[in-house]
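Structure, as structure tokens:
The figures here come from the full heavy-atom set of this structure, side chains too, leaving out hydrogens, waters and symmetry mates. Predicted model only: the values in this text are computed from it and were never measured. One-based numbering, in listed order, for ligands and for the atoms of each. Starting from 1, each residue takes its place in the sequence as its number.
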Amino acid sequence: MEQACELSVVVPTFNERDNVGPLVDRLRRSLDGVAWQVIFVDDHSPDGTAATVKAMAAHDPRLLCLERVGRRGLAGAVVEGAMASAAPYVAVIDADLQHDDTLLPRMLARLRAGDADLAVGSRFLAPEHTAKGLTPLRRAGSRLANALARQVLRTEVSDPVSGFFMIRRELIEAVAPRLSDQGFKVLFDIIASQPAPPRIVELPYAFAERQAGTSKMDGRIVIDYLGLILTKFTGNVLPPRFLLFALVGASGVVVHMAMLYAGRAAGLSFMVSQVIAAVTAMSSNFLINNRVTYRDRRLHGLALFTGYLRFCALCAVGLVANIAIANLVHEHTPWWWLAGAAGAVAGAAWNYVSTALAVW
Ligand code: GDD
Ligand code: MN
């Protein structure tokens, strides 16, 4: 039987209402002669992107809209779109027209030829048209992100955090349960999760400027990415959330010192100030972790309150462990800083593991 669809183009969208129409027009042109479909994965965008897609889909069976409610995340959207496909090849492209859709037929040709599993659109291969859609800061950040990724992946791929690629669907399917659903590094994650290194071809393209709307890249996305690098660097020992959790812990130290200073300045005794500072820091750690580190499992209402009590109890245990281990190391080595660091790392690890299990 003839193949109904050879290529599924997955397009993650969040507030891209004015871009989806022009994108479909472009796909119709560049994929002329290919049996394709496009799967929009929209996270219930407030601007009504899904309604716009569905209005077009009513007249073209090649268009699909997977509208997710109660969830957010670029990576998860891409994975879900790919899992909805039955085609042998899956492409991923941004909705905002920053990626060059005319590359798609060439990517397809390379995969069809059978000498590659993955074709990546690279913003950095051809220096003369390097990514004019990026600000200088983004460009530098992107190069750093890529350099870190290459260390971990140990493959030659110039743009492993590209959001524009085509892959044999099997490769996503095989690793889907292991992929993170947050952040922008889904390609990196797919490559890093493969049991054997995939055969990759890279095709250069000029990263255009965004058409309508705004980018969803922010500091959280960057930390999320660094967390994943850390995970792969440690051979999956440290989970991706650990970096965020540790950063929140560091912010707690700052809160603690500020409160201690304020308490002393207000004329309170050292002991009283220290207790107030510790409780404040623990509370702010809990609230920030609940909002940021575990934003996808955020506690509300009564669960927030009981979670808070459990968090405090577990962190108190962590503090005891911290001091005990620091003392032990201090007795056996001449290095006070090693003792202090060993205690802090053990305490943080305990706090992370225990609260991940018992609070969130
Ligand atoms: N469903 C869904 N959910 N889609 C999302 C979400 C989300 O939470 N966040 C972003 N998107 C969609 C956007 O609507 C857009 O179509 C695409 O994902 C890329 O988002 P942008 O916000 O435009 O990203 P960017 O241009 O800043 O980043 C690009 O470059 C990065 C590397 O520097 C993207 O191509 C990234 O994938 C890439 O990693
Ligand atoms: Mn973009």
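- Residue-ligand proximity: Arg138 is placed with a non-hydrogen atom under 4.0 Å from ligand 1.
- A tilted orientation is assigned to the rings of Trp337 and Trp335, their planes being inclined by 30° to 60°.
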Apply side-chain contact (heavy atoms from CB on, under 4.5 Å) to residues Met166 and Leu108 and explain how you reach the verdict. CA-CA 7 Å; Met166 191 184 292; Leu108 184 61; 4.0 Å; yes
side-chain contact (heavy atoms from CB on, under 4.5 Å) between Glu67 and Ser45: does it pass, once the steps are laid out? CA-CA 9 Å; Glu67 186 176 4; Ser45 301; over 6 Å; no
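- Of the protein's non-hydrogen atoms, the one nearest atom 12 (C) of ligand 1 is Pro12 O, 3.4 Å.
- Polar contact with ligand 1: absent for Asp42 (N/O pair, distance under 3.5 Å).
- The distance criterion of under 3.5 Å between nitrogen or oxygen atoms is not met by Ser162 with respect to ligand 1.
- Judged by distance alone, the side chains of Thr13 and Asp42 do bring a donor and an acceptor atom under 3.5 Å apart.
- Tested against Pro88 for a side-chain contact (heavy atoms from CB on, under 4.5 Å), the candidates Glu6, Arg168, Glu170, Arg169 yield a single pass: Glu6.
- Among all protein heavy atoms, the one lying closest to atom 22 (O) of ligand 1 is Lys216 N, 2.5 Å.
- Because its NZ or CZ atom is both nearer than 6.0 Å to the ring centre of Phe14 and within 45° of the ring axis, Arg72 counts as a cation-pi partner of that residue.
- Below 30°, between 30° and 60°, or above 60°: for Phe164 and His99 the angle between ring planes is below 30°, a parallel geometry.
- Between Arg28 and Arg62, the closest side-chain pair of non-hydrogen atoms falls below 4.5 Å.
- Of all atoms in ligand 1, numbered sequentially from 1 with element shown, those under 4.0 Å from a heavy atom of Val161 are 32 (C), 38 (C), 39 (O).
- Near Thr13, the atoms of ligand 1 lying under 4.0 angstrom from a non-hydrogen atom of the residue are 1 (N), 2 (C), 4 (N), 14 (O).
- Of all protein heavy atoms, the one lying nearest to atom 8 (O) of ligand 1 is Arg72 NE, 2.6 Å.
- The side-chain heavy atoms of Glu16 and Asp96, taken from C-beta on, include a pair separated by under 4.5 Å.
- Looking at heavy atoms from C-beta onward, Phe188 lies in side-chain contact with Val152 at the 4.5 angstrom threshold.
- Only side-chain heavy atoms of Gln98 come within less than 4.0 Å of ligand 1; its backbone N, CA, C and O stay farther off.
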Please determine whether side chain to side chain donor-acceptor pair (under 3.5 Å) holds for the pair Tyr89 and Ser8, giving the CA-CA distance in whole Å, both sets of side-chain angles, and the decisive distance to 0.1 Å. CA-CA 6 Å; Tyr89 306 114; Ser8 299; over 6 Å; no
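- The protein heavy-atom contact nearest to atom 36 (C) of ligand 1 is Phe184 CD2, 3.5 Å.
- Tyr205 has its side chain out of reach of Ser122: every pair of non-hydrogen atoms, C-beta onward, lies at least 4.5 Å apart.
- Distances shorter than 4.0 angstrom do not occur between any heavy atom of Lys185 and any atom of ligand 1.
- Taking distance alone, with nitrogen or oxygen atoms compared against 3.5 Å, Phe14 approaches ligand 1 more closely than that limit.
- Considering only non-hydrogen protein atoms, atom 17 (C) of ligand 1 sits nearest to Asp94 OD1, 3.4 Å.
- Checked by distance only, ligand 1 and Ala95 come closer than 3.5 Å through their nitrogen or oxygen atoms.
- Close approach to His99 involves these atoms of ligand 1, each under 4.0 Å from a residue heavy atom: 35 (O).
- In terms of protein heavy-atom proximity, atom 37 (O) of ligand 1 is nearest to Gly163 CA, 3.4 Å.
- For ligand 1, the atoms sitting less than 4.0 Å from at least one non-hydrogen atom of Arg210 are 21 (P), 22 (O), 23 (O), numbered in the order shown with element in parentheses.
- The protein heavy atom nearest to atom 11 (N) of ligand 1 is Leu74 CD1, 4.0 Å.
- At least one side-chain heavy atom of Leu103 sits less than 4.5 Å from a side-chain heavy atom of Arg106.
- Atom 1 (N) of ligand 1 has its nearest heavy-atom neighbour, among Val20, Leu23, Val41, in Val41.
- When only interatomic distances are considered, the shortest N/O to N/O separation between Ser215 and ligand 1 falls below 3.5 Å.
- Protein heavy atom nearest atom 14 (O) of ligand 1, with residue, atom name and distance: Glu16 OE2, 2.5 Å.
- Numbered from 1 in the order shown, with element, the atoms of ligand 1 that lie under 4.0 Å from a heavy atom of Arg123 read 30 (O), 32 (C), 33 (O).
- Annotation: Phe245 is not in aromatic contact with Trp360 [ring centroid separation under 6.0 Å not met].
- At the Mn ion (ligand 2), the angle from OE1 in Gln98 to OD2 in Asp96 is 90° when rounded to 10°.
- Looking at ligand 1, you won't find any N or O of Ala77 less than 3.5 Å from one of its N or O atoms.
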